[in-house]
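The structure appears right after this line, and notes come after that.
Lettering follows sequence order; numbering is per chain, from 1. Worth knowing before you read on, the calculation uses all heavy atoms, side chains too, and leaves out hydrogens, waters and symmetry mates.
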Amino acid sequence: MTATTLTAPAAAAPPAERTLPLKTRLQRAERRKKLLHLALIAPLAVFLLLTFLWPIGALLKRSVDNPEVVGGLPATAAALAHWNGQGLPPASALAIFVKEMEGARGSTELASAAKRLNTEMTGYRSLIMKTARSLPLPDGSNLQEGLAAIDPRWSETRTWQVMARAGQPYTSYYLLAALDHAVDADGAIVAATEDQAIYLDVLGRTFWMSLVVTLCCLVLGFPLAYLLTSLPTRSSNLLMILVLLPFWTSILVRVASWIVLLQSGGLVNQALQALGLIDEPLQLVFNRLGVYIAMTHILLPFMILPLYSVMKGISPIYLRAAQSLGCPPFQSFWKVYFPQTLPGVFAGSLLVFILSMGYYITPALLGGPQEQMASYFIAFYTNETINWGMAAALSTVLLGATLLLYVVYSRYAGQGRNATKAR
Amino acid sequence: MAAQSGSTGQEAHVTFTRVQKTYDGETLIVRDLNLEIRRGEFLTLLGPSGSGKTTCLMMLAGFETPTSGEIRVGGTVINKVPPHRRNIGMVFQNYALFPHMTVAENLRFPLSVRKLPAADIDAKVKRALVMVRLEAFGNRYPQQLSGGQQQRIALARALVFEPELVLMDEPLGALDKQLREHMQIEIKHLHDSLGITFVFVTHDQGEALTMSDRIAVFDRGEIQQIDSAECLYEEPANAFVAGFIGESNTLQGTLLERNGDACAIRLPSGAVVQARAADVGAVGSSAVVSVRPERIVLNGASAGCENRFSAKVKELIYQGDHVRVQLDLGNQSSLMVKAPISQLSHELRPEQPIEVGIPAAHLRALAPTPSA
């Protein structure tokens with residue numbers, strides 16, 4: 001259609017254009033500009049796609065990915081997919097299994113499949129290894145009996161059910177585990193046993209610690225942001241530099257200096273003892289207090305900057321107006337000034353909270369085992385046990401929680417904006 | 001129309017006694033303020049920016065404390081009373097309506113702070129909205145209103161808690177000319193009907209002349225003259241007031257002799273003019289004479305005037321209701337004359353010689369302003 005318009009004789013074009021709706025004509029006129037804008041942001045878009053969106057998508061996919069059994073025993077997994085889960089798998093499937101096990105003996109793929117199966121049912125790894133070693137079965141023997149002879153577990157329905165489930169290309173295993181749940185033998189979702197249920201605790205702790213840090217930042221940052229807006233430019237610029245100073249120091253250096261300051265023989269304890277305020281050194285670091293102190297310090301600028309930018313736009317005349325109307329100074333502040341700073345309070349709190357949720361290095365260095373947050377476990381699974389599925393699942397849960405929070409925030413902020421009605 | 005003493009009591013409502021204010025300990029923003037504001041009057045503080053008029057208002061509102069001196073309201077010294085206990089209504093330059101509250105909530109604010117019963121509050125808010133003719137706008141937010149409507153709400157908010165004294169700090173500055181003139185009349189009528197004391201700060205002399213019972217002209221931290229609009233215009237006390245209020249022609253000269261109210265001034269050209277002595281020093285000191293452009297008479301009409309000059313027409317500017325005529329008196333001095341269209345003969349042309357007359361009654365001899 002566009003082609004016809006373009007190739008149409010020039011003389012015919014004007015009347016045709018005039019009959020077009022105004023909107024279409026506007027779109028045409030704006031098209032060139034839009035294309036130019038798109039071309040300008042294209043490099044960034046490609047960059048983000050390749051280095052951010054794609055890797056994150058790939059990682060998130062790992063939380064439902066289930067490649068081990070499919071990779072180690074592909075034909076068996078395919079054969080078991082058609083099994084109805086009652087009794088034992090048909091002889092044809094058993095034949096495929098035995099043949100594949102023989103071929104895969106000693107391969108790393110089989111080892112990882114065995115490891116994966118072990119996470120579903122304890123003892124599965126040794127079962128697989130033992131079976132692989134004992135194969136092939138004597139010629140002409142019954143497959144079912146032969147397998148049972150190697151290990152009686154091969155004649156249990158459950159053994160095969162577990163393999164069938166683990167042989168599916170996608171699994172909810174990791175995500176459920178990250179929420180302290182599992183699928184039992186019957187395929188129902190149940191709460192994990194007490195010794196395995198640690199992740200909800202970790203998530204709860206992550207939320208709670210982030211909340212405490214956010215509140216600390218708000219309580220400390222609000223008066224400072226207010227001071228920044230009310231001081232003369234010279235002194236407020238100087239103060240602003242001090243606020244931003246932490247940004248220019250490496251986070252590791254800052255954490256290390258906190259250890260130096262807060263340890264039992266550190267500066268703070270020495271000073272308090274010298275002043276006679278305490279007799280014994282306080283435990284200020286390698287516990288939750290230390291983590292709170294350091295995280296609040298590191299995240300404070302993220303609270304102050306949004307607060308400051310909002311407060312800068314609020315005229316001090318409002319406070320005067322409130323007082324002239326008979327409202328005492330503190331009440332004026334609370335009823336007239338504070339409500340106007342709420343967008344900044346929410347923006348700063350959201351920023352600090354989301355950053356806290358993903359904090360890793362500070363709790364890892366300044367906290368004990370009870371202070372480790374979700375990121376620690378993600379790092380643990382990626383670096384130490386190479387359990388990508390679990391690491392990805394925990395990341396997904398964390399990302400989901402953060403997104404949920406953001407949606408709630410933007411809905412509230414949207415309402416707030418409607419209430420104070422933009423100009 | 002002299003000071004409308006009919007509606008204005010002579011009783012002092014607010015008194016400033018020897019009030020001084022400095023911010024840096026070096027320069028006095030307010031030098032030595034002695035001012036009596038009468039109960040029920042509309043007083044305007046008029047002056048160029050930096051003349052101390054806003055500082056004076058802020059001291060009265062309680063947002064600035066006098067460095068020395070005393071401010072009394074109704075006989076009580078209020079220097080140390082915080083702003084929220086002064087019960088003074090105030091309208092700010094940019095209205096300062098609270099953006100997170102609706103119009104009705106804005107109006108409720110001063111009443112709920114005073115813990116009035118809810119029914120009273122509702123009634124008063126409604127009455128205030130009716131007063132400014134914005135009954136239908138109670139549920140809007142201030143940003144949804146036009147400038148003039150916001151101005152009226154600010155006014156209603158300053159009045160809703162029934163203060164005895166209302167202060168306004170250049171409240172009409174942000175409005176366009178037509179709306180500003182409309183609001184001037186509206187505020188004046190509101191004042192007439194409420195009978196409470198209004199103190200209004202502006203740098204716009206037209207605004208001051210339109211609205212005020214009395215005008216206090218400020219310059220460099222001091223009141224130069226406080227009088228009714230008519231007296232300020234016709235009988236300026238000094239050269240600053242003469243120059244600041246309305247237009248005037250000034251000529252430099254020396255005081256030749258003085259005889260009571262009348263005096264004679266010698267101009268640099270050697271001519272001697274008869275004038276009224278308003279604010280002159282000793283004989284022989286320098287003086288300026290000042291005359292309003294509309295008091296100068298041209299051609300035949302000038303025959304009866306005490307002071308007559310021959311001049312040349314320099315320029316004619318047509319203004320619709322009058323013509324502004326620039327006259328060259330020679331000696332690098334010039335006069336500007338406002339001639340009503342009806343009295344002007346058509347044959348006036350640039351470069352044409354013309355007879356000019358200035359009646360002695362309207363030529364005021366004043367001491368020159370210190371800096372001039």
How far apart are the closest heavy atoms of [X] and [Y], and which atoms are they?
X	Y	result
Ser324(A)	Phe161(B)	O-CZ, 3.8 Å
Cys327(A)	Val113(B)	CA-CG1, 3.6 Å
Gln323(A)	Phe63(B)	CB-CE2, 4.2 Å
His100(B)	Lys335(A)	NE2-O, 3.0 Å
Phe98(B)	Tyr318(A)	CE2-O, 3.5 Å

Fill in the blank from the handout: One should read off an interatomic distance between Leu325(A) CG and Leu107(B) CG, to the nearest 0.5 angstrom, of 9.5 Å
Practice task
Look at atom NE2 of His13(B) and say whether more than 12 heavy atoms of other residues, nucleotides or ligands are closer to it than 6.0 Å.
Solution key: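 More than 12 within 6.0 Å, yes.
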Problem - Enclosure of Tyr23(B) OH (heavy-atom neighbours >12, cutoff 6.0 Å) - result: yes
Problem - Chi angles and distances behind the side-chain contact (heavy atoms from CB on, under 4.5 Å) call for Val336(A), Phe109(B) - result: CA-CA 10 Å; Val336(A) 172; Phe109(B) 185 81; 3.8 Å; yes
Exercise for the section: Check whether Leu111(B) gets within reach of chain A through its side chain, its backbone, both or neither, counting any heavy atom under 4.5 Å. Expected result: neither
Problem - Interface moiety of Arg157(B) toward chain A, non-hydrogen atoms closer than 4.5 Å - result: both
Would you be so kind as to tabulate the donor-acceptor pairs closer than 3.5 Å made by side chains of residues 81-93 of chain B, with sequence neighbours excluded?
| unit_1 | atom_1 | unit_2 | atom_2 | d |
| --- | --- | --- | --- | --- |
| Arg86(B) | NE | Val81(B) | O | 2.8 |
| Arg86(B) | NH1 | Met59(B) | O | 2.9 |
| Arg86(B) | NH1 | Leu60(B) | O | 2.9 |
| Arg86(B) | NH2 | Ile78(B) | O | 2.7 |
| Arg86(B) | NH2 | Val81(B) | O | 2.9 |
| Asn87(B) | OD1 | Arg114(B) | NH2 | 3.0 |

